[in-house]
Number of protein chains: 2
Amino acid sequence: MKDNSCMAASSYKDFFVNFANKTKMDIIAALRKKPLCVGEIAEAINEEQSKVSHSLKKLTQCKILEVKQEGKKRVYTLNHDTVLPILQIVEKHVHQYCAKNCPLKCLGCKKK
Amino acid sequence: MKDNSCMAASSYKDFFVNFANKTKMDIIAALRKKPLCVGEIAEAINEEQSKVSHSLKKLTQCKILEVKQEGKKRVYTLNHDTVLPILQIVEKHVHQYCAKNCPLKCLGCKKK
DNA sequence: ATAACAAATGAAATCAATTTCATATGAAAG
DNA sequence: CTTTCATATGAAATTGATTTCATTTGTTAT
C-alpha cells in the first residue's frame with residue numbers, strides 16, 4: 001500500500017522556485033489582472049525584455065502561465081486555478097504573522 | 001481607495017524561498033506526520049545537524065514552523081493551517097501538468 | 001561546578017538560479 | 001524578399017542563498 005502523504009520534494013521545489021523570485025512574482029502580480037503580451041509585462045513591471053522572457057519561459061514550463069500567439073505578439077495568461085488560491089493563503093499568512101522578528105512584510109507593515 | 005489586489009512581491013518571495021529548497025521541503029515533509037526534535041529531523045531526512053538547524057531557523061522565522069522547548073530538546077511543529085492547503089494545491093497541479101516538457105515531476109512519473 | 005548531550009551560530013566556501021548583453025528567430029507588412 | 005517589430009535564446013557574469021565546519025550556547029544530571 002503506497003503512502004500518499006509522501007511528497008516528491010524536488011519536484012515541489014521546482015514549482016516553488018518560480019515564486020521565490022521578485023521578477024517572477026511581479027509578473028504574476030501583473031497577470032493577475034489580465035493577460036498581457038511580453039512588451040506590456042516588461043513595461044508594467046519596469047524590467048528588461050530579455051529578463052522578462054527568461055522568466056516567462058520558466059513560468060510557462062511549469063504551467064504557471066499559458067501562452068497564446070496573437071499576430072506578432074505572444075500573450076501570457078495566469079493559471080488562475082492554481083495560483084490564486086495559493087496567493088490567498090500566503091496573503092492571509094503574511095498578514096497574520098508579519099511582526100518584529102519576521103522577514104515577512106505585509107502591505108500594512110512599516111518595518112525597517 | 002487602496003488596491004487590495006496589489007501584492008508586496010518581495011515579501012511573498014521571502015515566504016516562498018523556504019519552499020524552493022530540497023532540505024527545507026524534506027523537513028516540511030517529515031513534520032507533516034508529527035512534531036519532531038532537531039535530532040529526529042536530521043535522522044529522518046538524513047542530513048547534518050547544523051544544516052538542519054539553519055533551515056529550521058528560517059522556517060521558524062517565517063512562521064512556517066513553531067518551536068517548543070522540551071527538556072534539552074527543541075520540538076518543531078508544522079504550521080498546518082498555512083502549509084497543508086498550499087501543498088495540496090501544488091500536489092494537484094503537479095499531477096495534472098507533469099509531462100514531457102515540464103520540469104515538474106510527480107510521483108507517478110518516470111522521467112529522465 | 002562539571003560533564004554530557006542537544007541544538008544554534010558565524011563565517012567562509014560552494015552552488016544554483018538570475019541577470020545581462022549580444023544575437024537569433026519569427027511574424028506580419030510593404 | 002527585405003524591413004520592422006516582437007520575442008526568444010545562449011553563454012558569461014553576477015548574485016544570493018545554502019552548505020560546511022568549527023565553535024558556542026543552553027539544558028539537565030551528577
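First the proteins, then the strands, lettered A, B, ... as listed; each starts at 1. From a predicted model like this one, the values you see are computed outputs, not experimental measurements.
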- [ ] Give a yes or no on whether B:Gln96 atom CD has more than 12 heavy-atom contacts from other residues, nucleotides or ligands under 6.0 Å away.
- [x] yes
Open item on the list: Applying a strict under-4.5 Å side-chain criterion to I, L, V, M, F, W and Y, I'd like to know whether B:Val75 and B:Ile64 cluster together.
Closed with: no
Task: Whole angstrom value for the distance that separates P of D:dA17 from CG of B:Leu56 - done: 18 Å
TODO: Let me see the working for B:Arg32 and B:Glu91 under salt bridge (Lys or Arg N to Asp or Glu O under 4.0 Å), right down to the final yes or no.
DONE: CA-CA 14 Å; B:Arg32 217 178 180 185; B:Glu91 208 160 312; 3.4 Å; yes
TODO: Calculate, to the nearest 0.5 Å, the distance between atoms CD1 and CG belonging to A:Ile27 and A:Leu56 respectively.
DONE: 4.5 Å
Task: End axis versus end axis in the helix from C:dA1-D:dT30 to C:dG30-D:dC1, the angle rounded to 10°, five pairs used at each terminus - done: 30°
Open item on the list: Using the side-chain hydrogen bond (donor to acceptor under 3.5 Å, both in side chains) definition, which of the options A:Glu47, A:Gln49, A:Glu48, A:His54 pairs with A:Lys51?
Closed with: A:Glu47
Open item on the list: Looking at every non-hydrogen atom in both residues, tell me the closest pair between B:Asn79 and B:Lys63 and how far apart they are.
Closed with: ND2-O, 3.0 Å
- [ ] State whether the side chain of A:His93 and the backbone N or O of B:Cys62 hold a donor-acceptor pair below 3.5 Å, judged by distance alone.
- [x] yes
TODO: Indicate if B:Leu59 and B:Phe16 have the same hydrophobic cluster label, given that clusters are the connected sets of ILVMFWY residues with side-chain heavy-atom separations under 4.5 angstrom.
DONE: yes
Open item on the list: Please confirm whether the shortest side-chain N or O distance from A:Tyr76 to OP1 or OP2 of D:dA6 is below 4.0 Å.
Closed with: no
- [ ] For B:Gln69, look at atom CD and say whether over 12 heavy atoms of other residues, nucleotides or ligands are found less than 6.0 Å away.
- [x] yes
Task: Per-nucleotide protein contact string for nucleotides 9-21 of chain C (B base, S sugar-phosphate only, - none; heavy atom under 4.0 Å) - done: BBB-----SBSBB
Task: Length of the CG-C1' vector between A:Leu36 and D:dA6, whole Å - done: 15 Å
TODO: Identify, residue by residue, the members of residues 64-75 of chain B with a heavy atom below 4.0 Å from DNA chain D, and return them in order of residue number, or none.
DONE: B:Gln69, B:Gly71, B:Lys72
Open item on the list: With a 3.5 Å distance limit and no angle check, can you tell me whether B:Asn18 reaches the backbone of B:Phe15 through a side-chain donor-acceptor pair?
Closed with: yes
